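First comes the structure, then the notes that go with it.
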Amino acid sequence: MPNRREFFRATAAAAAGSFVMRGGYAAFAQAAQGAAKRREISIGRKRIKVIDSHAHLGIPAVAEVVKGTPFAKNVNVAPNLVVGPDRVRAMDEWGIDIALLTQQGGWWYGVPDRDLARAIVKTQNEGTAAIVAKYPDRFIGMASMPLQFPDIAAEMLEDGVKRLGFKGGGISAGFAGEKELSGPEYDVFWAKAQELGVLLFMHPGGGNDIGAEKHFGGKGALGNTIGNPLETTMFLSHLIYEGTLDKFPGLKICGAHAGGYLPSYLGRTDAQCIRQADACTGKKRPVEDYFKTQIMVDSMIFREEGLRHLVAEVGAGQMVYGTDMPFGWPANPDFILNATFLNNAQKEQILGGNLVKLLKIAPAATN
Amino acid sequence: MQNRRDFFKAVAGAAAGAYAVGRGMPALAQRGGGGQRGGGAAAAPAGPVKRREVFIGRKRVKVIDLHAHCTVDGVSEVVKGTPFERQAGGRALDQDRVNLIDSEGIDIQVLTINGYWWWEVQDRDLAGRIVRAQNEGLAKWVAAHPDRFLALSSVSLQFPELAAEQLDYGVKQLGLRGATIGGHVNGESLSLPKFDPFWAKANELGVVVFMHPGGADNIVKPDAWKARGDIGNIIGNPLETTYFLTRLIFDGTFDKFPNLKVCGAHGGGYLPSYFQRTEVACDVRGNAMCANKKHPREYLKTNIMADTMVLTDEGLRHLVAEMGISQVVYGTDNPLNWPVPVDMIVNHSTLTDAQKEQILSGNLMKLLKIPAAATA
């Protein structure tokens with residue numbers, strides 16, 4: 001599973017650097033690192049709550065759980081993935097009030113032992129809960145789950161939500177091996193997410209689910225540049241076309257990196273279902289309808305024109321702000337705040353309003 | 001190469017197929033051809049049709065289609081008795097194609113033979129003869145309909161030097177206007193130095209290279225598309241194009257051959273519509289090792305072109321916004337029945353009349369070196 005390792009290598013590399021990008025084209029130059037004064041974002045005169053849906057973390061205590069197992073080498077928690085004062089400072093600089101913390105990388109999806117898988121995830125989730133307890137106003141926890149065992153995944157999602165106070169869970173597609181998340185064996189998991197009424201944040205792992213990862217070793221970090229949006233595109237397409245989203249109409253899933261390619265290239269999807277209706281018998285609604293109701297996307301599209309297209313395709317009500325911290329993407333909130341085509345209400349929706357509503361978070365005024 | 005074969009069959013089947021279905025602008029309302037991958041045929045009316053003339057406002061504008069599939073007579077004889085015998089069939093161009101472009105308001109259609117099954121031919125002599133038959137067949141059809149059709153050269157890209165010769169001969173001797181290629185040669189990326197002779201020739205001649213994908217069978221495991229939604233087409237095709245163009249950028253091919261004009265089918269795949277991640281990759285990713293000398297967007301605005309097959313008004317607005325108006329050209333995917341009527345451009349909600357004309361023909365007049373008088 002090279003991509004799992006690559007993900008952690010990238011993490012380690014990022015840890016060695018800082019939040020300032022290497023090199024960098026002028027258009028993406030970010031605000032210089034300065035004093036740790038907390039930026040407070042207002043739109044017009046209204047202070048809004050900025051919520052980052054897409055933030056990573058690691059829990060060092062997992063190392064003890066997997067000590068002496070073949071998975072010991074997978075635990076490589078880089079310093080910048082350990083959420084503490086540095087992360088809070090980075091959020092302060094960009095004006096992020098709250099971040100949803102998700103465990104990504106998914107190496108534990110490869111653990112064949114049920115008890116070990118459960119123990120890893122339990123440790124991760126309890127570690128996440130401890131961070132949230134330490135900074136209750138700044139972070140929201142999202143459960144990690146062993147998706148190779150749909151029943152335990154359901155159990156751990158429920159445990160995270162009911163015992164640890166999480167608002168949802170983080171999932172990946174590529175790490176589930178040969179299994180298809182749209183297959184019936186996963187109904188128990190989707191049913192639990194629907195029952196709990198929580199958000200699932202889907203983050204890809206480089207496209208290894210369709211065997212593409214071996215072609216992504218060349219220049220341009222293709223496992224990330226192409227593999228990630230590809231995996232998300234495949235994942236969402238399967239959930240749509242295989243009827244999973246119809247079977248569980250209460251599901252709310254947020255696709256990382258602007259939902260991959262799919263929302264930015266919707267025309268071909270729709271057209272094919274009209275040309276070849278028999279290719280699309282598993283779903284009940286037009287493709288765009290799922291993006292208006294059940295699928296949300298983060299704002300990791302970096303530029304105004306990309307954002308404009310995304311808003312036109314899915315609507316501001318389905319978009320959430322995302323940064324991918326701590327990985328140094330040019331995703332500070334200014335490209336949303338400065339977007340000429342958005343009105344103030346839409347900016348607030350994207351930057352935090354949609355998640356305030358969905359996750360039942362107190363709005364800024366009551367902070 | 002399952003997808004390439006399927007694609008070829010679909011084109012051949014479409015050519016032979018359902019031309020009796022009622023025609024009409026709501027191409028959207030038509031149904032595909034019984035679920036075969038690639039879809040059914042566009043429905044050309046039986047018998048003579050009135051040629052549609054396209055106007056923007058009161059101005060008659062020419063319409064040139066860069067994305068059109070076909071097969072020609074003469075190839076079957078060349079591969080008879082070889083393992084490739086079954087691939088060369090299909091109904092060749094005939095009057096129905098003229099009727100189709102008449103009914104759709106296309107003044108000039110630029111024909112290409114796609115599927116690239118002949119790239120698997122390892123006998124250099126046979127490879128040369130197949131392409132020769134294809135290109136002579138195309139030239140013959142164009143000569144018989146000089147005002148209505150142009151064609152791009154097939155090439156034997158598994159033999160890059162031969163491909164360069166074929167392109168040179170095709171352009172200089174047969175009057176072809178460029179080359180058509182797939183996204184990989186038997187799994188190999190076209191950014192590899194071994195393919196430089198081909199790129200050097202296209203660069204030297206200043207002709208367009210039209211790239212059409214075949215389901216990304218170079219990238220994915222064999223069963224990756226076994227799912228609903230015809231995702232081998234709707235994801236596989238844009239994926240192959242995206243990977244192809246991305247490697248030409250990051251591996252430095254466009255820097256080596258700065259005069260190249262490479263047009264990616266189906267709106268250039270995902271690349272232009274989701275360009276931002278590509279745009280920042282070299283800055284953000286510590287392991288990116290980018291060889292490109294310029295900002296990725298520079299290539300998008302100069303070397304890379306895309307057809308209009310993003311299929312929606314908003315998709316086309318976005319494509320033009322990302323690439324610039326000079327990089328977008330009309331394409332229909334004839335004879336496959338995608339909903340790409342000329343009306344999508346003529347009635348576009350945000351493009352100016354001048355921009356519409358550029359897309360419909362202006363850009364291609366220059367690129368294909370068509371004298372203005374020739375389209376009068």
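Each chain gets a letter, A, B and so on, in the order the sequences are listed, and its residues count up from 1. All values reported here derive from a predicted model rather than from experimental measurement.
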Report the distance from atom OH of A:Y265 to atom CD1 of B:I234, rounding to the nearest 0.5 Å.
-> 10.0 Å
Rounded distance [0.5 Å steps], OG1 in B:T246 versus CD1 in A:I226 = 4.0 Å
Non-hydrogen atoms of chain A under 4.5 Å away: do they reach the side chain of B:L239, the backbone, both or neither?
-> side chain
To the nearest 0.5 angstrom, please state how far the CD atom of A:E313 sits from the OG atom of B:S273.
-> 9.0 Å
Any donor-acceptor N/O pair, A:Q272 side chain to B:G229 backbone, under 3.5 Å = no
Which value, rounded to the nearest 0.5 Å, describes the distance between B:F275 atom CZ and A:E305 atom CD?
-> 13.0 Å
Residue, of A:G267, A:S237, A:G220, A:A279, that accumulates the most heavy atom pairs under 4.5 Å with chain B | A:G220
Among the listed options A:P263, A:A258, A:G260, the residue most often paired with chain B at heavy-atom distances under 4.5 Å | A:G260
Spatial distance of atom CG (A:L262) from atom OH (B:Y270) [nearest 0.5 Å] = 7.0 Å
Are B:P238 and A:Y261 side-chain neighbours, meaning at least one heavy-atom pair lies under 4.5 Å?
-> no
Shortest non-hydrogen contact from A:T233 toward B:I235 | CG2-CD1, 4.0 Å
Heavy-atom neighbours of B:K293 NZ exceed 12 at 6.0 Å = no
Rounded distance [0.5 Å steps], SG in A:C280 versus CG in B:D230 | 7.5 Å
A:K219, A:R268, A:M234, A:H215: which one forms the most heavy-atom pairs within less than 4.5 Å of chain B?
-> A:R268
With chain A, which of B:E322, B:H266, B:R247, B:M309 has the greatest number of heavy-atom pairs at distances under 4.5 Å?
-> B:H266
Where do A:R308 and B:E314 land on the salt bridge (charged side-chain N to carboxylate O under 4.0 Å, His left out) test, with the steps shown first?
-> CA-CA 10 Å; A:R308 176 176 169 159; B:E314 166 58 21; 5.8 Å; no
